[in-house]
Amino acid sequence: MSKTTMTAEEITAEIERLRKSPYVKLARDTANKALRQKLYQLRSLDKKGREIAERLGVKLEE
């Protein structure tokens, strides 16, 4: 990709080409898996934190 000015049609064509790229699909899938993993980790920590608070008799505000 050169640093020349692109027309609106060229930009649209490039966007369409990239949308169809298997590399973009792979990167999106990887990013989604990382987000899901982060979600699962946070849910697990939330559950553990609630159990600890209950054992200690601590009431935390949400």
Q: Hydrophobic cluster mates of Leu45, side-chain heavy atoms under 4.5 angstrom, ILVMFWY only, any path?
A: none
Q: Do you know which two heavy atoms are closest between Leu18 and Val24, and how far apart they sit?
A: O-CG2, 3.1 Å
Q: Just verifying a value: how many Å separate Ile15 CD1 and Glu10 CD, rounded to the nearest 0.5 Å?
A: 12.0 Å
Q: Quick check: are there more than 12 heavy atoms from other residues, nucleotides or ligands sitting under 6.0 Å from CD of Glu54?
A: no
Q: Report the hydrophobic cluster partners of Ile52, with the cluster defined as I, L, V, M, F, W, Y residues connected by side-chain heavy atoms closer than 4.5 angstrom, directly or transitively.
A: Leu56, Val58, Leu60
Q: Atom CZ of Arg19 and atom CZ of Arg28: how far apart are they, to the nearest 0.5 Å?
A: 7.5 Å
Q: Using the side chain to side chain donor-acceptor pair (under 3.5 Å) rule, collect all pairs that involve residues 33-48, keeping only residues at least two apart or in two chains.
A: Asp46-Arg50
